[in-house]
Peer 1: 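Before anything else, here's the structure in question.
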Number of protein chains: 4
Amino acid sequence: MSITEKRHTDPERAQSRRRQVLDAAALCFSRSGFHGASMAEISKAAGMSAGHIYNYFDGKDAIIAAFVEEEVERVALLLRDLEQKDDPLQAIVDESDNSVDEHMAPDFWRLKLEIFAEASRNPKVAAVMVNADLRMRTQFRAIVKAGRERHGLAADDATIDGRLEATIALFQGLALRALHHPELDKAALKRAYRVGLGALLLS
Amino acid sequence: MSITEKRHTDPERAQSRRRQVLDAAALCFSRSGFHGASMAEISKAAGMSAGHIYNYFDGKDAIIAAFVEEEVERVALLLRDLEQKDDPLQAIVDESDNSVDEHMAPDFWRLKLEIFAEASRNPKVAAVMVNADLRMRTQFRAIVKAGRERHGLAADDATIDGRLEATIALFQGLALRALHHPELDKAALKRAYRVGLGALLLS
Amino acid sequence: MSITEKRHTDPERAQSRRRQVLDAAALCFSRSGFHGASMAEISKAAGMSAGHIYNYFDGKDAIIAAFVEEEVERVALLLRDLEQKDDPLQAIVDESDNSVDEHMAPDFWRLKLEIFAEASRNPKVAAVMVNADLRMRTQFRAIVKAGRERHGLAADDATIDGRLEATIALFQGLALRALHHPELDKAALKRAYRVGLGALLLS
Amino acid sequence: MSITEKRHTDPERAQSRRRQVLDAAALCFSRSGFHGASMAEISKAAGMSAGHIYNYFDGKDAIIAAFVEEEVERVALLLRDLEQKDDPLQAIVDESDNSVDEHMAPDFWRLKLEIFAEASRNPKVAAVMVNADLRMRTQFRAIVKAGRERHGLAADDATIDGRLEATIALFQGLALRALHHPELDKAALKRAYRVGLGALLLS
DNA sequence: CATGAATGAGGATTCATTCAT
DNA sequence: GATGAATGAATCCTCATTCAT
């Protein structure tokens with residue numbers, strides 16, 4: 001979890017090297033999975049010797065953890081955007097078409113599943129995820145609470161928490177649907193999502 | 001996808017040997033994951049030499065595939081129960097509390113994630129899952145269609161499919177919530193699920 | 001230290017395989033040192049795949065430890081022989097020529113030094129050695145005590161212990177002389193050893 | 001054997017840089033052993049980049065060799081002191097208590113063993129040691145010869161050489177006793193050493 | 001049918017050494 | 001002179017799989 005930053009004389013270069021590794025990892029992980037991707041494969045994709053990677057990461061686990069942490073950071077950013085909107089709840093429903101598309105993009109869900117599976121076995125990764133989910137949920141929770149109050153809906157803690165979790169489950173479940181049913185009718189799905197999200201958030 | 005059934009002089013004994021292996025695998029997989037479980041571990045749990053397993057399965061992948069197929073078969077059975085009910089749709093909503101509990105039982109979701117991750121990498125396993133999902137969906141679809149017609153709700157193909165997928169996503173997403181938020185408030189979640197499921201199935 | 005004996009159906013074969021490994025190790029260790037000898041080298045010398053060695057030994061350290069334990073066992077046997085003699089103390093002095101030759105045989109001292117160095121760094125090996133030295137000393141101590149009493153010499157604990165340690169040091173130091181001064185005059189050395197040993201044991 | 005002295009514009013600075021490295025090496029070697037100490041560790045202790053060390057030493061082996069040479073030089077100095085005494089032989093016996101203490105100090109014997117082991121494998125180091133031992137022996141030899149003649153004892157070459165080697169063995173063996181028997185009774189040992197040394201040198 | 005001994009490829013990691021700056 | 005980024009070879013170990021018995 002703790003990103004061991006070895007001292008480097010040129011922190012910018014170091015940062016860019018770490019980027020290279022993480023980008024390479026993104027490629028390899030989605031191609032071969034966390035464990036299918038060898039350090040050799042990653043190092044080749046990163047344009048750097050395998051040994052050198054260890055100057056930037058403590059080991060393969062650290063790469064995975066850093067990678068997960070980044071992924072997770074991205075979600076936090078999206079939520080911060082959402083928070084800025086006039087009526088975030090309505091925005092979630094209105095923009096759910098895009099969200100559905102995003103969650104079902106092959107690269108996206110493949111990587112997500114990889115992360116989930118790793119977390120279910122690797123406690124370090126699990127810790128990163130649980131922590132990230134907590135931050136994400138906290139942010140999201142504030143949005144939902146404010147939104148529901150503004151809409152004059154029940155906004156007690158339990159209700160909020162329940163709706164929150166169900167909503168997240170609905171989105172996270174998309175990766176699994178993409179896996180199980182690659183040819184599903186996305187248009188129809190999106191309509192259903194508007195119904196489901198509307199019910200969970202705005203009723 | 002079709003599991004190679006080797007010729008055996010005594011097919012019954014062979015069948016029981018396969019069972020032993022699959023039961024042992026169930027134990028080991030849920031303990032150590034698909035890849036964490038070694039053939040040696042499985043063979044010991046199965047009370048049989050490692051080499052001998054290869055008389056019943058083509059390899060570790062075949063065990064995983066057979067195992068997944070069984071798991072997946074179990075869901076189909078649950079649905080068959082559901083089909084018998086008077087008002088299956090209402091039953092889904094009414095009994096969602098139990099469903100939530102089931103989907104969030106650690107053994108359940110851990111194994112599910114294992115399966116998902118494997119499917120995203122192993123085409124044989126993916127095929128088994130896609131096929132099983134298809135069967136399950138077909139069954140479920142009939143239930144939903146009949147139910148909605150009976151309730152006088154829109155029951156065109158696209159609507160049915162959309163609601164179906166969203167409903168399944170909602171349930172499958174539960175495993176991911178269990179992973180991300182081990183301490184979530186299940187009571188609140190169940191109330192939200194009744195709302196979400198009601199909207200998706202009965203509106 | 002604990003020799004992990006994996007279960008083998010044919011314990012005799014297993015024993016002989018372990019022998020092969022230990023013999024190969026003896027060769028490789030004296031050729032290249034403990035750390036210079038790679039598992040690959042050892043496995044080739046043992047006529048067995050590298051992987052297979054791990055069915056008999058927990059790892060390289062375990063091979064080293066087992067190897068040391070054997071070496072050490074050999075000394076105990078020599079002492080048991082000594083114990084049987086009529087006048088063991090006199091025998092030590094009288095036969096010191098042979099002892100000197102043995103301790104200065106290149107294979108002998110090279111291996112000894114390897115063991116000493118390993119023990120000074122590897123606590124597991126050190127434990128084996130300290131323990132072995134204790135057993136050896138105990139045996140030797142009894143011989144010296146009985147011998148001195150019989151010769152009517154001081155035989156209080158402190159005197160015995162001091163003479164004992166000095167005598168052992170004298171012999172163990174031989175390996176170091178062989179290393180430092182390969183061409184030393186062995187005949188002259190043997191005469192001096194008779195003087196030294198006589199003084200330490202019989203005066 | 002001859003340590004390659006690279007050309008440096010400022011030989012004095014170079015000399016002091018070499019010192020830094022050797023001092024750092026002393027620290028690291030006694031902490032981690034020759035092979036346990038990495039160039040990175042040494043370079044950090046020396047306050048100098050790893051790469052830069054190669055401007056002063058041909059490689060790690062060269063550092064070890066230089067280090068050993070220094071160590072070995074120290075012994076020669078001790079002997080020169082001894083030579084000055086009135087009755088050096090008696091002094092050896094009389095001061096043997098101190099010698100025993102010195103040889104059994106953990107830092108001392110640990111490093112010695114490291115050196116011995118290295119020498120048994122690394123011909124360059126062995127050469128340094130053999131050579132050093134020769135010089136030391138020559139010095140010591142003169143002392144013993146003069147001493148014995150003065151005491152009216154046999155002083156033919158063979159006798160001298162034999163006694164010499166045995167005496168050295170007795171001292172060098174101390175490192176091995178310290179390793180094998182950390183809790184030995186030093187007082188008793190010292191008494192025994194006086195006996196042994198007396199016999200070897202003064203009889 | 002059944003065993004488990006044996007293989008061998010493959011993977012993560014370390015570290016002495018080089019070299020552009 | 002001095003740096004430390006970069007290399008790549010070498011090492012230990014694991015494990016699915018095969019096969020003689």
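Side chains included, hydrogens not; waters and symmetry mates left out as well; all remaining heavy atoms used. In what follows, every chain begins at residue 1, and chains take the letters A, B, ... in the order their sequences are listed.
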Peer 1: Tell me: NZ of A/Lys44 to C1' of F/dT7, nearest whole Å?
Peer 2: 16 Å

Peer 1: Please enumerate all residues that pass side-chain contact (heavy atoms from CB on, under 4.5 Å) together with A/Ala117, with sequence neighbours excluded.
Peer 2: A/Arg121, B/Ala117

Peer 1: Please list, chain by chain and in numerical order, all residues satisfying side-chain hydrogen bond (donor to acceptor under 3.5 Å, both in side chains) with A/Asn131, sequence neighbours excluded.
Peer 2: A/Arg135

Peer 1: At a heavy-atom distance below 4.0 Å, what parts of residues 23-38 of chain C sit against DNA chain E?
Peer 2: none

Peer 1: Can you give me the closest heavy-atom contact between C/Ser32 and C/Ala37, atom names plus distance?
Peer 2: CB-N, 3.7 Å

Peer 1: Name all residues meeting the side-chain contact (heavy atoms from CB on, under 4.5 Å) criterion together with C/Pro106; count only those two or more places apart in sequence or in a different chain, and write none if there are none.
Peer 2: C/Trp109, C/Arg110

Peer 1: Listing request: all salt bridge (Lys or Arg N to Asp or Glu O under 4.0 Å) pairs with a residue in residues 22-34 of chain D, at least two apart in sequence or in separate chains.
Peer 2: D/Arg19-D/Asp23, D/Arg31-D/Glu41

Peer 1: Taking C-beta and beyond as the side chain, do C/Ser43 and C/His52 meet within less than 4.5 Å on heavy atoms?
Peer 2: no

Peer 1: Please state how far atom CD1 in B/Ile64 lies from atom C1' in F/dT17, giving the value in whole angstrom units.
Peer 2: 15 Å

Peer 1: How many Å lie between NZ on A/Lys60 and P on E/dT14, as a whole number?
Peer 2: 15 Å

Peer 1: On the nucleotide E/dT14, are OP1 or OP2 found under 4.0 Å from the side-chain N or O atoms that A/Tyr54 carries?
Peer 2: no

Peer 1: Report, as a single string ordered 5' to 3', how protein heavy atoms within less than 4.0 Å touch nucleotides 3-8 of chain E: B base, S sugar-phosphate only, - not at all.
Peer 2: BBSBBB

Peer 1: Give the rounded distance in Å between these two atoms: CD of D/Glu41 and C1' of E/dA16.
Peer 2: 14 Å

Peer 1: So which heavy atom on B/Met39 is nearest to which on B/Lys60, and how close?
Peer 2: SD-CG, 3.8 Å

Peer 1: Could you write out DNA chain E as a dot-bracket string, with dots for unpaired bases, | for bases paired across to another strand, and Watson-Crick or G-U pairs counted at under 3.5 Å?
Peer 2: .||||||||||||||||||||

Peer 1: Applying side-chain contact (heavy atoms from CB on, under 4.5 Å), can you list everything that pairs with D/Ala14, at least two apart in sequence or on another chain?
Peer 2: D/His8, D/Tyr56

Peer 1: Starting from P on F/dA9, measure out to CE on A/Met39 and report it in whole angstrom.
Peer 2: 17 Å

Peer 1: How many Å lie between CZ on B/Phe57 and P on E/dA2, as a whole number?
Peer 2: 14 Å

Peer 1: Not counting sequence neighbours, which residues clear side-chain hydrogen bond (donor to acceptor under 3.5 Å, both in side chains) with B/Arg17? List them please.
Peer 2: B/Gln20

Peer 1: Among all residues two or more places apart in sequence or in another chain, which pass the side-chain contact (heavy atoms from CB on, under 4.5 Å) test with B/Ala24?
Peer 2: B/Ile42, B/Ala45, B/Ala46

Peer 1: What is the distance, to the nearest angstrom, from the CG atom on D/Asp61 to the C1' atom on E/dA16?
Peer 2: 10 Å

Peer 1: Nearest-Å distance, CD (D/Gln15) to C1' (F/dG1)?
Peer 2: 17 Å

Peer 1: Just to verify, what does C/Phe29 make a ring pair (Phe, Tyr, Trp, His ring centres under 6.0 Å) with, not counting sequence neighbours?
Peer 2: C/Phe34, C/Phe67

